[in-house]
A.B. asks: 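Quick one: structure below, then a few questions.
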Amino acid sequence: MLRSRFKLLLLLCGIVTKSWATFPDLNSMLQAYRQTAQVTDSPLYPLILALDDLNSEPDLQAAALLTLIPVADGSLKSASDGAMRQMLSVIGDRLIRLPPPDKASEPDEGVASGDELPSPLDHGVWLQILGDDIHQKLRSAVPGYHGQVLGAIVGRDFLFPHRMIGFAAGYIHSKVISYGPSGSFLDIKRFQGTLYGRYELERCPYYSIFALTIANLQYDNNRKILVPPGASGHFVFENIAQSDFSAWEPSVYLETGYTWKCGNFSAIPKAMLTYSRLDIGAYNENDAFALDLNVKYQDMNTFTLGVGAKLEYQNTFDKALVVPEMHAYVFHDFVNNSQFATANFFSGGYEFLSQGAEPALNSIEVGAGLAVHSYKDILVTMQYDYAARTDYYRNCAFIKVRYEWA
């Protein structure tokens, strides 16, 4: 009698889309679901038989299971991290290079006698074009991905003695292709706004920078489902589950450093602190019929400390001031969230988890740049960066054009 009541409870749980329990992975969920009375009438029953058909080929079976779960390769956050780092790199570089208005009219140490720099400038606008190329390798049996990022950021700021404040807005577009067995595709559109500022001590070369950013991310995901024919050859699943969902990412960035000068050479040791939270909305898939999923990703946090230094050398010419620079930083993430989702099939079954590998705690970033100042009102900056952690690397480049006026 007790066993009959338990089976009835399982039957009632299978009717609704959410289950009474959450299983650690899809395979264990299907194994439990196949023991219930209603399984033979379920739209998922052909899928269970198709996976059984692959029992003699465990590699194919494991690959098929990967195409049936939400993506958990870290790309939702990592693509966002790359764009955010580019954003902060743009703002930090601009703020460091921009002289305060009470010093803008003073001849620089490297300018030849008789040359004059412009009168104090207290307004500025700038445009930044940036791009990333991201590679995540296989990590802890979770397939990686290749991401390409292209974006533009514009900024407007106001200068005061020893401080400045400004606002920047940007659009970042990312395309991510999974290295998994089906090659699923993710399109990300990121819209962001940032309030930033800088403060310098009047009689000491210390500075501080802050940046408060809010970003909205729009995801368009095409999850390719592929369950190949097994021993009997009767069951084949090949479809695309489409979904659109969004996320919000607020973040706080703080930087402090010291500028040490010796003639035309400058060394700037600095420390950087970043906190961000990616809040991803729940969503439902379409177009895959019985294999559509209801998905809810867990929010992802980062709390990163970075330290390093930038080295610059000032070269003065008749028409321009040219400043090459190189920099290197080390970062440590104290939170280190992996991508984690809870899902269930729209057609039945129970909830199951899809969890990615934890990213490495430590990462590095090295790069070089070149800034050309016209002495009057134009500043052009070009920069390349290479960022890496275990099983992951990113190539980044940007060009920035700034116009200043009084």
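Numbers for residues simply follow the sequence, beginning at 1. Keep in mind the model is a prediction, meaning the values are calculated, not measured.
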A.B. asks: Report yes or no: do Asp385 and Gln383 form a side-chain donor-acceptor pair below 3.5 Å?
C.D. replies: yes

A.B. asks: When you measure from the side chain of Ser174 to the backbone N and O of Gln148, does any donor-acceptor pair fall under 3.5 Å?
C.D. replies: no

A.B. asks: Check whether any side-chain heavy atom of Leu293 sits under 4.5 Å from a side-chain heavy atom of Asn344, and report yes or no.
C.D. replies: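 Contact flag for Leu293/Asn344 side chains = no.
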
A.B. asks: Answer yes when Glu325 and Lys310 have at least one side-chain N-carboxylate O distance shorter than 4.0 Å, and no when they do not.
C.D. replies: no

A.B. asks: Looking at Tyr258, I'd like to know if its OH atom is crowded, meaning that more than 12 non-hydrogen atoms belonging to other residues, nucleotides or ligands lie closer than 6.0 Å.
C.D. replies: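 For Tyr258, atom OH is crowded (more than 12 foreign heavy atoms under 6.0 Å).
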
A.B. asks: How close do Ala290 and Leu44 get, heavy atom to heavy atom, and via which atoms?
C.D. replies: O-CD2, 3.8 Å

A.B. asks: Kindly compute the distance separating NZ (Lys189) from NE2 (His173), expressed to the nearest 0.5 Å.
C.D. replies: 4.5 Å

A.B. asks: What closest approach, in Å, do Gly349 and Met29 show between heavy atoms, and which atom pair accounts for it?
C.D. replies: CA-SD, 4.2 Å

A.B. asks: Is the shortest heavy-atom distance from the side chain of Phe345 to the side chain of Leu26 under 4.5 Å?
C.D. replies: yes

A.B. asks: When you compare the side chains of Asp133 and His146, does any donor N or O come within less than 3.5 Å of an acceptor on the partner?
C.D. replies: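 Short answer, yes.
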
A.B. asks: Stepwise, does the side-chain contact (heavy atoms from CB on, under 4.5 Å) test hold for Leu47 with Phe237?
C.D. replies: CA-CA 8 Å; Leu47 174 65; Phe237 288 85; 4.1 Å; yes

A.B. asks: If you measure from the Lys or Arg side-chain nitrogens to the Asp or Glu carboxylate oxygens, is any gap between Arg389 and Asp391 under 4.0 Å?
C.D. replies: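 No, no charged N to carboxylate O under 4.0 Å.
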
A.B. asks: Are Thr274 and Thr304 linked by a side-chain donor-acceptor pair shorter than 3.5 Å?
C.D. replies: no

A.B. asks: If only side-chain N and O atoms count, and only distance matters, is there a donor-acceptor pair under 3.5 Å linking Asn216 with Gln218?
C.D. replies: yes

A.B. asks: Which distance, rounded to the nearest 0.5 Å, do you find between the OG of Ser243 and the CG of Asn286?
C.D. replies: 8.0 Å

A.B. asks: Tell me if a side-chain donor or acceptor on Asp73 pairs with a main-chain N or O of Ser75 at a distance below 3.5 Å.
C.D. replies: yes

A.B. asks: Should we say atom CD of Glu238 is surrounded by more than 12 heavy atoms from elsewhere, each under 6.0 Å from it?
C.D. replies: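 12 or below, so no.
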
A.B. asks: Look at the side chain of Asp333 and the backbone N and O of Phe303, then say whether any donor-acceptor pair between them is shorter than 3.5 Å.
C.D. replies: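 Side chain of Asp333 to backbone of Phe303: a pair is present.
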
A.B. asks: Can a cation-pi geometry be assigned to Arg394 and Tyr392, taking NZ or CZ under 6.0 Å from the six-membered ring centre and within 45° of the ring axis?
C.D. replies: no

A.B. asks: Working to the nearest 0.5 angstrom, can you tell me the gap between Ile165 CD1 and Arg156 CZ?
C.D. replies: 12.5 Å

A.B. asks: Distance check, rounded to the nearest 0.5 Å: Met382 atom CE versus Ile129 atom CD1?
C.D. replies: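 Met382 atom CE to Ile129 atom CD1 measures 14.0 Å (nearest 0.5 Å).
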
A.B. asks: So, Arg402 and Asp377, do they make that salt bridge, N to O below 4.0 Å?
C.D. replies: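 Salt bridge flag = no for Asp377 with Arg402.
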
A.B. asks: Are Val39 and Tyr33 close enough that some pair of their side-chain heavy atoms sits under 4.5 Å apart?
C.D. replies: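 Yes, at least one pair of side-chain atoms sits under 4.5 Å.
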
A.B. asks: Which heavy atom in Gln61 sits nearest to a heavy atom in Leu51, and how many Å separate them?
C.D. replies: NE2-O, 2.7 Å

A.B. asks: Phe334 vs His332 aromatic rings, parallel, tilted or perpendicular, using cut-offs 30° and 60°?
C.D. replies: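 Rings of Phe334 and His332: perpendicular, over 60°.
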
A.B. asks: Between Arg163 and Glu200, is the salt bridge (charged side-chain N to carboxylate O under 4.0 Å, His left out) condition met? List the steps.
C.D. replies: CA-CA 6 Å; Arg163 63 188 186 276; Glu200 295 179 353; over 6 Å; no

A.B. asks: Find the distance between CG (Asn284) and CZ (Phe346) and round it off to the nearest 0.5 Å.
C.D. replies: 7.0 Å

A.B. asks: Give a yes or no on whether Ile177 atom CD1 has more than 12 heavy-atom contacts from other residues, nucleotides or ligands under 6.0 Å away.
C.D. replies: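 Check fails, neighbour count at 12 or below.
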
A.B. asks: So, for Asp25 and Phe352, which heavy atoms are closest and what is the spacing to 0.1 Å?
C.D. replies: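 What the structure gives for the nearest pair is O-CB, 3.6 Å.
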
A.B. asks: Taking C-beta and beyond as the side chain, do Phe185 and Lys175 meet within less than 4.5 Å on heavy atoms?
C.D. replies: yes

A.B. asks: Walk me through whether Leu226 and Val236 qualify under side-chain contact (heavy atoms from CB on, under 4.5 Å).
C.D. replies: CA-CA 8 Å; Leu226 180 59; Val236 179; 5.8 Å; no

A.B. asks: Determine whether Arg277 and Asp299 satisfy the following criterion, side-chain contact (heavy atoms from CB on, under 4.5 Å), listing intermediate values before the conclusion.
C.D. replies: CA-CA 7 Å; Arg277 179 182 181 86; Asp299 296 343; 2.8 Å; yes

A.B. asks: Mind listing the closest non-hydrogen atom pair of Ala152 and Ile172 along with its distance?
C.D. replies: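 Looks like N-CD1, 4.4 Å.
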
A.B. asks: Answer yes or no: is there an ion pair linking Arg190 with Glu249, defined by an N-O contact shorter than 4.0 Å?
C.D. replies: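 Judged by the 4.0 Å cut-off on N to carboxylate O distance, Arg190 and Glu249 do form a salt bridge.
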
A.B. asks: Hey, is Glu358 close enough to Arg139 for a salt bridge, meaning N to O under 4.0 Å?
C.D. replies: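 Answer for the salt bridge query: no.
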
A.B. asks: Between Phe23 and Tyr350, does a ring pair (Phe, Tyr, Trp, His ring centres under 6.0 Å) hold up when you go through it step by step?
C.D. replies: CA-CA 8 Å; Phe23 289 84; Tyr350 310 130; 5.7 Å; yes

A.B. asks: Compute the ring centroids of Tyr297 and Phe340, then answer whether they are less than 6.0 Å apart.
C.D. replies: no

A.B. asks: Taking Asp292 for the side chain and Phe289 for the main chain, is one N or O donor matched with an acceptor at less than 3.5 Å?
C.D. replies: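 Yes, Asp292 side chain to Phe289 backbone: donor-acceptor pair under 3.5 Å.
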
A.B. asks: Can you find a pair of side-chain heavy atoms, one from Tyr393 and one from Tyr386, that are under 4.5 Å apart?
C.D. replies: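 The answer is yes, as the side chains (C-beta and beyond) meet within the 4.5 Å cut-off.
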
A.B. asks: Got Asp157 and Trp126 here, is their nearest side-chain heavy-atom distance under 4.5 Å?
C.D. replies: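 In contact.
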
A.B. asks: May I ask you to check whether over 12 heavy atoms, not counting those of Met326, lie within 6.0 Å of atom CE?
C.D. replies: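 Counting other residues, nucleotides and ligands, CE of Met326 stays at 12 neighbours or fewer.
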
A.B. asks: Tell me the closest heavy-atom pair linking Ser266 and Lys261, and the distance in Å.
C.D. replies: OG-CG, 3.4 Å

A.B. asks: Under 6.0 Å between ring centres, would you say that holds for Tyr219 and Phe245?
C.D. replies: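 Ring centroids of Tyr219 and Phe245 are less than 6.0 Å from each other.
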
A.B. asks: For Gln242 and Asn221, which I'm curious about, is there any donor-acceptor pair between the side chains at under 3.5 Å?
C.D. replies: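 Side-chain D/A pair, Gln242 to Asn221: absent.
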
A.B. asks: Would Leu311 and Phe265 count as a side-chain contact (heavy atoms from CB on, under 4.5 Å) here? Give the steps.
C.D. replies: CA-CA 8 Å; Leu311 307 178; Phe265 175 79; 3.9 Å; yes

A.B. asks: What's the verdict on side chain to side chain donor-acceptor pair (under 3.5 Å) for Thr213 and Thr194, showing C-alpha distance, side-chain angles and the deciding distance?
C.D. replies: CA-CA 4 Å; Thr213 300; Thr194 301; 2.8 Å; yes

A.B. asks: Side-chain contact test, heavy atoms from C-beta onward, threshold under 4.5 Å: evaluate it for Tyr329 versus Lys270 and give yes or no.
C.D. replies: yes

A.B. asks: Closer than 3.5 angstrom, by distance alone: can the side chain of Asn336 be matched with the main-chain N or O of Pro359 as a donor-acceptor pair?
C.D. replies: yes

A.B. asks: Using only atom types and a distance under 3.5 Å, with no angle test, would you say the side chain of Asn337 pairs donor to acceptor with the backbone of Asn301?
C.D. replies: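 At least one qualifying donor-acceptor pair exists.
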
A.B. asks: Counting the benzene-type ring for Trp, do Tyr179 and Tyr145 have ring centres under 6.0 Å apart?
C.D. replies: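 Aromatic pair excluded; centres sit 6.0 Å or further apart.
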
A.B. asks: Is the backbone N or O of Gly356 less than 3.5 Å from a side-chain atom of Gln339, with the two atoms forming a donor-acceptor pair by type?
C.D. replies: no

A.B. asks: Using only heavy-atom distances, determine whether the side chains of Glu351 and Thr22 contain a donor-acceptor pair under 3.5 Å.
C.D. replies: yes

A.B. asks: Rounded to the nearest 0.5 Å, how far apart are CZ of Phe167 and CG of Leu212?
C.D. replies: 11.0 Å

A.B. asks: Using a 4.5 Å cut-off on heavy atoms from C-beta on, say whether the side chain of Leu217 contacts that of Leu278.
C.D. replies: yes

A.B. asks: Would Ser178 and Ser184 count as having a side-chain donor-acceptor pair, cut-off 3.5 Å?
C.D. replies: no

A.B. asks: Are the aromatic rings of Phe160 and His162 close, with centres under 6.0 Å apart?
C.D. replies: no

